[in-house]
2 protein chains.
Amino acid sequence: MSLDIQLPPRERLLQAAVELLANSDGAPVSTRKITELAGVTAPTLYHHFGDKEGLFDAVVAVGFEQYVASEMDLEPTGKPLDDVRRMWDQHVRFGIEKPHLYLVMFGKVRPGNRSNRVSEAEALLRGKLDRAAEAGHLNVPPADAVRSIMAANIGVTLMLISEPEKERNFELSDMTRDAVITAVSSEAGIADSATPVGASSVVVAAIALNAALESSNPQQLSNTEMKMFLEWLHRISKTT
Amino acid sequence: MSLDIQLPPRERLLQAAVELLANSDGAPVSTRKITELAGVTAPTLYHHFGDKEGLFDAVVAVGFEQYVASEMDLEPTGKPLDDVRRMWDQHVRFGIEKPHLYLVMFGKVRPGNRSNRVSEAEALLRGKLDRAAEAGHLNVPPADAVRSIMAANIGVTLMLISEPEKERNFELSDMTRDAVITAVSSEAGIADSATPVGASSVVVAAIALNAALESSNPQQLSNTEMKMFLEWLHRISKTT
DNA sequence: CTAGCACCTATAGCATTGCTATATGAAGGG
DNA sequence: CCCTTCATATAGCAATGCTATAGGTGCTAG
């Protein structure tokens, strides 16, 4: 059950850790399984990484480089806030595509003890937001904007990860993203692209009616009629 | 080192678990320490709770009742969205005051496997948001609003918990809270504040939707569908 | 009063976990 | 050729979650 024999043990340990982490559905991965899969014994692991956490740090460092790279691949659009939006999306995508890595990086919260990865990710965002502030696009200090955006971004990603794949609704991400970015930005008209003003009153009314119907069942329509009516109502309240 | 001797072992186990959890700074708590502090041996724990996770579930259930109680103590303000704001604040406060409990309840994310507590907390919010929707204060379906608010709320709380107490800046919470709530709300309100919350809200909402549809023709329904839809809408708004 | 029964608790121990004290092998410089 | 240094292995420790089994303890039925 051992891995490729030609790589040096250090690399095989990393590779084994990544592989086991990916197939373990969030359950803890034992050092024994790792060393076994790597075809190595325990002291080798501790010689190279000192610690189980050291090994995972190394794994996470690799993952974080992928993350940073994916954020850096984006060419600046010229509008810093649009860059921020794309970084948000990249963050979410990374979390969805590598949930195990993401959870090791962002999922283990300890009281009064913020993780390095969060700080590093914040620093990336901070760069863009500083430029946004220079351009006069922020109405709060960049430090505050960073924390709000980061908190929401992580919260949304964790929620999406925790949902069954089929139920995942990425509108949650777009909606929340635009909400927090709009709130920290001084540009008034940003929400326009998300919610066309012309349709909004229809949508609001449809949502209100839908809610009202669910709380009290009127007799004016038959069951089949009501079913179809709700279906159409639902279609109307979907802005997209 | 044992606890009060007069309580039944089950309660002593719970109490010991809570106490150790509170003083362990997020580090894992062993069943041995728990049973030792409770003055009980291992099988007693497994007899009552089946599992370590079972014990923690019981602990969390108690914590969740406190949480729910703190949310329920709030008297409705009459403005559902203000209630939502206060629930947000209560959520954050709970997380800050009992970080250990909060992390057990909301901190352990598993891919594709949402925690019960999140769903239950969502249900609480959902109630208020449904009423907001009935009153025409919502811009998006309540289900979407709930997820966005909840994700941001948890994200913010986790971030605040992970920060050293001195650096905690609660503006982060207020700012993000208002950002997401504003984003899902239609501040104008379709029928304004005149919309009563009762059986007649169906009629009011139907009338509002009718008016909105007449002023703008959405593309989500075909002509024949729209015709029938309007007919039914009319029928609903006629009678009580 | 006693026998049986259900419930609760204890003794002792298993398998797995992260980690290490110590020893062995190989590679290179004097 | 020896000696140092790095890398890996042997064997085992202490702590963990959990359990097979047996021993009380109190209640009800005869």
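By convention in this document, chain letters (A, B, ...) are assigned in the order of the sequence lines, proteins followed by strands, and residues within each chain are numbered from 1.
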Under 3.5 Å donor-acceptor pairs involving side-chain atoms of residues 148-157 of chain A, not counting sequence neighbours:
{"residue": "A:Ser148", "atom": "OG", "partner": "B:Thr176", "partner atom": "OG1", "Å": "2.8"}
{"residue": "A:Thr157", "atom": "OG1", "partner": "A:Asn153", "partner atom": "O", "Å": "2.7"}

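- When rounded to the nearest whole Å, the span between CG of B:Leu45 and P of D:dC18 equals 9 Å.
- Listed by first then second residue, pairs satisfying salt bridge (Lys or Arg N to Asp or Glu O under 4.0 Å) with a partner in residues 174-185 of chain B read B:Arg85-B:Asp178, B:Asp89-B:Arg177, B:Asp174-B:Arg177, not counting sequence neighbours.
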Exercise. Report, as a single string ordered 5' to 3', how protein heavy atoms within less than 4.0 Å touch nucleotides 4-14 of chain C: B base, S sugar-phosphate only, - not at all.
Key: ----SBBB-B-
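- Counting only residues at least two apart or in different chains, side-chain hydrogen bond (donor to acceptor under 3.5 Å, both in side chains) contacts with residues 21-32 of chain A are absent.
- For A:Asp51, there are no side-chain hydrogen bond (donor to acceptor under 3.5 Å, both in side chains) partners, not counting sequence neighbours.
- Interface residues of residues 49-62 of chain B facing DNA chain C, ordered by number: none; criterion, heavy-atom separation under 4.0 Å.
- Within the 4.0 Å cut-off from OP1 or OP2 of D:dC18, at least one side-chain nitrogen or oxygen of B:Tyr46 is found.
- Taking the side-chain hydrogen bond (donor to acceptor under 3.5 Å, both in side chains) definition, one finds that B:Gln66 meets it with B:Lys98, sequence neighbours left out.
- Looking at B:Arg117, B:Arg147, B:Arg114 one by one, the single match for side-chain hydrogen bond (donor to acceptor under 3.5 Å, both in side chains) with B:Glu122 turns out to be B:Arg114.
- Residues of residues 20-30 of chain A having a heavy atom closer than 4.0 Å to DNA chain C, listed by number: A:Val29, A:Ser30.
- Residues satisfying the side-chain hydrogen bond (donor to acceptor under 3.5 Å, both in side chains) test with A:Asp130, not counting sequence neighbours, are A:Arg126.
- In terms of the side-chain hydrogen bond (donor to acceptor under 3.5 Å, both in side chains) criterion, residue partners of A:Thr77 (sequence neighbours excluded) are, by chain and number, A:Asp83.
- By the ring-ring contact (aromatic ring centres under 6.0 Å, His included) test, A:Phe64 pairs with A:Tyr67, sequence neighbours left out.
- Contacts classified as side-chain hydrogen bond (donor to acceptor under 3.5 Å, both in side chains) and involving residues 99-110 of chain B (residues at least two apart or in different chains) are given here: B:His91-B:Tyr102.
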